[in-house]
Amino acid sequence: MALPLSAAMVEQNERENLAIAHGLKRQDPELLDKLIEQYQHRLLRYLLFLTGKREVAEDLFQETWMRVLLRGAQYNGKARFDTWLFTIARNLVIDLSRKRTMASLDEMSEGGEDERPFEIAIDGPSPLDQFRTREDSAEVAEVLLKLEPNYREVLVLRFHEEMSLDEIAKMTSAPLSTVKSRLYRGLAALKPEMERIRRTPTAMGVTR
């Protein structure tokens, strides 16, 4: 869980975001290389969770950085760079899903969801936090990929990327109550899967 930032850290982050914005406007190749190195693992992981397919995720990964290069001047440094970056990636996933038969994130978010605001207690370990303590991260990914895409996305952004609920709402263009609902339902769906894995014996016959 992300801890509150001190005023000094907030100011430092703002300076870094502005420096990135200025560098992107100049199309600084060294800056782009640095950004790719810094964010490549997080971005690819996010795309893998959204698409569930490595080949598709890798293609979208490349396309995302092409968009960053071509549209870098649109980034003004007022928002976190990673939020802007992930928004580009998310929009590419939505564009692709509209062209294919796969269920799209934006279609799944249109109606059919309970918009009642849930007050979610996220102090202390959540089911996903507990999953992350496990050694076998492949099992974590397998369980997350069983969830509906919009639930999975909120869980990944909240717990992997440590974004606040407000930041997720802005990034996904969804009301805060919807984000809370998706988080609540995603955590609820994770719980029985977590219990199942805990009860599953290993190949050596030792319970987890």
Side-chain angles (χ1 to χ4, degrees), residues 1-50 57 60-94 105 109 117 119-126 128-129 131-133 137 140 144 150-180 182-183 186-187:
M1 183 183 303
L3 297 176
L5 297 178
S6 67
M9 293 180 65
V10 170
E11 185 178 349
Q12 179 182 347
N13 288 340
E14 289 176 349
R15 287 198 302 267
E16 290 175 353
N17 289 333
L18 287 174
I20 291 174
H22 293 153
L24 290 177
K25 283 181 174 62
R26 299 193 306 269
Q27 294 190 328
D28 183 347
E30 291 185 5
L31 172 66
L32 187 63
D33 288 343
K34 180 181 177 181
L35 293 173
I36 292 175
E37 182 178 355
Q38 182 176 353
Y39 291 101
Q40 59 182 337
H41 298 297
R42 291 172 55 191
L43 178 60
L44 184 58
R45 178 179 62 190
Y46 174 67
L47 287 168
L48 281 168
F49 277 122
L50 255 62
L60 292 174
F61 175 88
Q62 299 293 336
E63 181 64 22
T64 299
W65 288 112
M66 286 298 299
R67 294 287 180 90
V68 170
L69 179 63
L70 295 174
R71 302 182 182 180
Q74 297 177 5
Y75 177 63
N76 57 21
K78 294 181 179 179
R80 283 172 39 173
F81 173 75
D82 57 355
T83 302
W84 184 74
L85 175 68
F86 280 41
T87 300
I88 293 175
R90 184 180 193 274
N91 289 337
L92 287 172
V93 173
I94 290 173
L105 289 169
S109 67
E119 293 302 324
I120 301 168
I122 50 179
D123 293 329
S126 72
L128 189 58
D129 288 324
F131 271 138
R132 287 164 56 184
T133 65
S137 59
V140 179
L144 283 172
N150 46 14
Y151 298 166
R152 181 169 70 235
E153 179 185 34
V154 171
L155 288 171
V156 171
L157 291 176
R158 179 68 187 93
F159 295 104
H160 274 309
E161 299 306 325
E162 299 185 342
M163 291 185 181
S164 69
L165 298 182
D166 285 332
E167 289 171 331
I168 296 172
K170 291 177 182 177
M171 176 178 162
T172 60
S173 300
L176 182 60
S177 61
T178 299
V179 172
K180 290 182 177 181
R182 292 174 184 173
L183 180 62
L187 290 174

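FYI, side chains are in, hydrogens and waters are out, and symmetry mates aren't considered; it's all heavy atoms of this structure. Since we're looking at a predicted model, the values are computed, not measured.
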Taking it one step at a time, do Arg15 and Glu11 satisfy salt bridge (Lys or Arg N to Asp or Glu O under 4.0 Å)?
CA-CA 6 Å; Arg15 287 198 302 267; Glu11 185 178 349; 3.3 Å; yes
Given Arg158 and Ile168, is the side chain to side chain contact (heavy atoms under 4.5 Å, CB included) satisfied, shown in steps?
CA-CA 8 Å; Arg158 179 68 187 93; Ile168 296 172; 3.9 Å; yes
Show your reasoning for whether side chain to side chain contact (heavy atoms under 4.5 Å, CB included) applies to Leu24 and Leu35.
CA-CA 10 Å; Leu24 290 177; Leu35 293 173; 4.1 Å; yes
Under the criterion side chain to side chain contact (heavy atoms under 4.5 Å, CB included), I'd like the reasoning laid out for Met163 against Arg80: C-alpha separation, chi angles, the key distance, then a yes or no.
CA-CA 10 Å; Met163 291 185 181; Arg80 283 172 39 173; 4.1 Å; yes
Apply side chain to side chain contact (heavy atoms under 4.5 Å, CB included) to residues Phe159 and Leu183 and explain how you reach the verdict.
CA-CA 10 Å; Phe159 295 104; Leu183 180 62; 3.6 Å; yes
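The line from CD1 of Ile20 to NZ of Lys34 is 7.5 Å long, rounded to the nearest 0.5 Å. Atom CG of Leu85 sits about 8.5 Å away from atom CZ of Arg42, to the nearest 0.5 Å. The OG1 atom of Thr178 sits 12.0 Å away from the CG atom of Leu165 when rounded to the nearest 0.5 Å. Considering CD1 of Ile88 and OH of Tyr75, their distance stands at 10.5 Å, rounded to 0.5 Å.
The nearest pair of heavy atoms linking Phe86 to Met171 is CB-CE, 3.2 Å. Of all heavy-atom pairs spanning Leu43 and Ala89, the tightest one is CD1-CB, 3.7 Å. In this structure, Phe49 and Leu144 approach most closely via the heavy-atom pair CE2-CD1, 3.4 Å. The two atoms that bring Gly77 and Asn17 nearest to each other are O-CB, 3.3 Å, heavy atoms only.
For Lys170, the side-chain contact (heavy atoms from CB on, under 4.5 Å) criterion is met by no residue, not counting sequence neighbours.
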Only pairs under 3.5 Å count here: list side-chain donor-acceptor contacts from residues 61-69, not counting sequence neighbours, and write none if there are none.
residue: Glu63; atom: OE2; partner: Arg67; partner atom: NE; Å: 3.3
residue: Thr64; atom: OG1; partner: Leu60; partner atom: O; Å: 2.7

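Looking at Arg90 and Thr87, their side chains never come closer than 4.5 Å, going by heavy atoms from C-beta outward.
Between Glu153 and Arg182, none of the side-chain N atoms (NZ, or NE/NH1/NH2) sits under 4.0 Å from a carboxylate O, so this pair counts as no salt bridge.
The list of ring-ring contact (aromatic ring centres under 6.0 Å, His included) pairs with a residue in residues 17-40, not counting sequence neighbours, reads Tyr39-Phe81.
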